[in-house]
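Some notes on the structure that comes next.
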Amino acid sequence: MEAAGEAAAAPAEELRAPAAFVAPLQPEMAAAAVVLPERLQRREAERQQGVERQRQKKEAQVVKEEQSEFFVAAFAREREAVEALLAAGPLEEAAARLQGLQKLLTESVRFLAPYEVRQGQEAVARLQGDLAARRQELQPKKKFAFRALKKEAAPGSEPRPAEPARPAAAAPAAGRGPAEGEAGGPPLCGFSGAENEELELGPAELLQRDVVLSELRGCRVRLRGNANTLRVRDCRGCTVLCGPVSTSALVDGCSDCLLVLACQQLRTHRTRDSRFYVQVTSRAVIEDCTKVSFAPYAWSYPGIERDFESSGLDRNRNNWNLVDDFDWLATDKPSPNWSLIPEQERISCWD
């Protein structure tokens, strides 16, 4: 009987034995049951974030397209109004509308395509040229009268034949070495070929004109006023202080120069060992440059606020520390060709 009882007990223990092995597995299965939903939730959250990013990107693109369409319509409307005023209306009103057109373009640069910006700049430059031409036409012309003093001929002498009239020489730009206009282009103002001189142009001479500074050596140039464009070429050891430029400034082939510029676009080529104090609406561009450094625009003179208003530049928008180096393609390392001027080394007093 005892043997039979033991035999009967053995199957019961064998039947309970699997429960001893199953019990330790239950916490792992429970953990797996918890982890799996968390992973699914993470993946679902990531998916939702991706969908939201795509939605925001699409909305931003729609807004950008709507802004571009609004700009094109508004720009065309204002351009036509300026053209009509230049043809028959008061020039002061045309100048005011043209200033508003320039401001509209400047404020819209951030969302316009490059070709739209270029087309807008070309249209504004053309209208500025038309305005200058109309002002020239309406200026009262001075009347000149030349009288030759008659001298009595000596007795027995034959009268001398009249000399052919000589063409009057065009008045040069102010200062030594005036810059000349390009072939077939509008007349420019500026300076060329001067050495170790103090050179200056004022508001009346600069108003919406294209300015060229070329082949200067050791000169200090002050440009007080609102120019349309500025080009600085092949200058050495010069200081250039310039008021607001409505469109672009180009610096090419310069060295050991200090340039203080306010403009919509700044392009610098083949320039070395030079410092820039800039107010620029878009990102500055350098190419084939070495050892150039940047700081914010810091020059002032009486009437500069009026010149900024005339230029259409926004004084509250300055990308002086955003520079694109076309010779440096690495995105994970900064370009070694340009740097920021430390605050303790920046110039605050210019005169």
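For reference, positions follow the sequence shown, starting with 1.
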Where do Arg209 and Asn228 land on the side chain to side chain contact (heavy atoms under 4.5 Å, CB included) test, with the steps shown first?
CA-CA 5 Å; Arg209 297 187 69 184; Asn228 181 48; 5.9 Å; no
Dump the intermediate steps for salt bridge (Lys or Arg N to Asp or Glu O under 4.0 Å) on Asp252 and Arg233, then the final yes or no.
CA-CA 5 Å; Asp252 187 16; Arg233 300 172 177 165; 6.0 Å; no
For a side-chain hydrogen bond (donor to acceptor under 3.5 Å, both in side chains) check, start with the C-alpha distance between Gln48 and Glu52, then their side-chain angles and the critical distance, and finish with the verdict.
CA-CA 6 Å; Gln48 291 290 349; Glu52 180 64 19; over 6 Å; no
Test side chain to side chain contact (heavy atoms under 4.5 Å, CB included) on Leu201 and Val221 and set out the steps.
CA-CA 8 Å; Leu201 292 174; Val221 185; over 6 Å; no
Apply the test side-chain hydrogen bond (donor to acceptor under 3.5 Å, both in side chains) to residues Ser192 and Ser214: give CA-CA distance (whole Å), side-chain angles for both, the deciding distance (0.1 Å), then the verdict.
CA-CA 5 Å; Ser192 178; Ser214 64; 2.9 Å; yes
Steps toward salt bridge (Lys or Arg N to Asp or Glu O under 4.0 Å) verdict (Arg270, Glu287)
CA-CA 7 Å; Arg270 302 184 301 115; Glu287 187 173 13; over 6 Å; no
May I have the step-by-step check of side chain to side chain contact (heavy atoms under 4.5 Å, CB included) for Phe276 and Val260, ending in yes or no?
CA-CA 6 Å; Phe276 292 80; Val260 184; over 6 Å; no
Residue pair Glu205, Arg224: steps toward the salt bridge (Lys or Arg N to Asp or Glu O under 4.0 Å) verdict
CA-CA 9 Å; Glu205 298 159 305; Arg224 292 185 172 94; over 6 Å; no
Yes or no on side chain to side chain contact (heavy atoms under 4.5 Å, CB included) for Glu200 and Glu198, after CA distance, side-chain angles and deciding distance?
CA-CA 7 Å; Glu200 184 167 347; Glu198 295 278 339; over 6 Å; no
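The CZ atom of Phe326 sits 12.0 Å away from atom OG of Ser335, with the distance rounded to the nearest 0.5 Å. Atom CG of residue Asp130 and atom CG of residue Leu86 lie 6.0 Å apart, to the nearest 0.5 angstrom. With values rounded to the nearest 0.5 angstrom, Glu197 atom CD is found 9.0 Å from Phe191 atom CZ. Once rounded to the nearest 0.5 Å, the distance linking CG of Asn321 with CZ of Arg283 reads 9.0 Å. Atom CD of residue Gln264 and atom OG of residue Ser246 lie 8.5 Å apart, to the nearest 0.5 angstrom. Between the CG atom of Leu85 and the CD atom of Glu80 there is a distance of 12.0 Å, given to the nearest 0.5 Å.
Relative orientation of the Trp338 and Phe294 rings is perpendicular, given thresholds of 30° and 60° on the angle between their planes.
Taking hydrophobic clusters as Ile, Leu, Val, Met, Phe, Trp and Tyr residues chained together by side-chain heavy-atom distances below 4.5 Å, Val278 does not share a cluster with Trp350. The cluster map of Ile, Leu, Val, Met, Phe, Trp and Tyr, joined by side-chain heavy atoms under 4.5 Å apart, puts Leu313 and Val245 in different clusters. Criterion: ILVMFWY side-chain heavy atoms under 4.5 Å apart, direct or through other members. Under it, Leu241 and Val292 are not part of a common hydrophobic cluster. In the hydrophobic clustering of ILVMFWY residues, with side-chain heavy atoms under 4.5 Å counting as a link, Leu206 and Leu199 come out together. Hydrophobic clustering (ILVMFWY, side-chain heavy atoms < 4.5 Å, transitive): Trp320 and Leu261 are in one cluster.
Counting non-hydrogen atoms of neighbouring residues, nucleotides and ligands closer than 6.0 angstrom, the CD atom of Glu309 reaches no more than 12 such neighbours. The 12-atom threshold is not exceeded at CD of Glu343, counting heavy atoms of other residues, nucleotides or ligands nearer than 6.0 Å.
Contact check for Leu259 versus Val232: side-chain heavy atoms found under the 4.5 Å cut-off. Gln265 is not listed as a side-chain neighbour of Leu250, based on a closest heavy-atom distance of 4.5 Å or more. Looking at Arg79 and Leu127, their side chains come closer than 4.5 Å, going by heavy atoms from C-beta outward. Annotation: side chain of Arg53 is in contact with side chain of Gln49 (closest heavy-atom distance under 4.5 Å). Here the side chains of Leu213 and Leu223 are in contact, with some heavy-atom distance below 4.5 Å. No side-chain heavy atom of Asn319 sits less than 4.5 Å from a side-chain heavy atom of Ser282. The side-chain heavy atoms of Pro334 and Trp328, taken from C-beta on, include no pair separated by under 4.5 Å.
The only option from Val285, Ile286, Asp288, Thr268 that meets the side chain to side chain contact (heavy atoms under 4.5 Å, CB included) definition with Asp325 turns out to be Ile286.
Here the side chain of Arg346 pairs a donor or acceptor atom with the backbone of Ile341 at under 3.5 angstrom.
Between the side chains of Asn337 and Thr290, no donor-acceptor pair of N or O atoms lies under 3.5 Å.
Closest non-hydrogen pair, Gln279 versus Asn318, comes out as CA-OD1, 3.2 Å. Closest of all the heavy-atom pairs between Glu78 and Arg97 is OE1-NE, 2.9 Å. Across Leu207 and Ser310, no two heavy atoms sit closer than the pair CD1-OG, 4.2 Å. Residue Arg236 comes nearest to Ser255 through the heavy atom pair CD-OG, 2.8 Å, listed as atom of the first residue, atom of the second, then distance. Counting all heavy atoms, side chain and backbone alike, Ser311 lies closest to Pro244 at OG-CB, 3.7 Å.
In this structure Arg272 satisfies the side-chain hydrogen bond (donor to acceptor under 3.5 Å, both in side chains) test with no other residue, sequence neighbours excluded.
A salt bridge links Glu44 and Arg47; the closest N-O separation between the charged side-chain nitrogens and carboxylate oxygens is under 4.0 Å.
Applying the side-chain hydrogen bond (donor to acceptor under 3.5 Å, both in side chains) rule to pairs touching residues 293-304 yields Tyr301-Asp307, sequence neighbours excluded.
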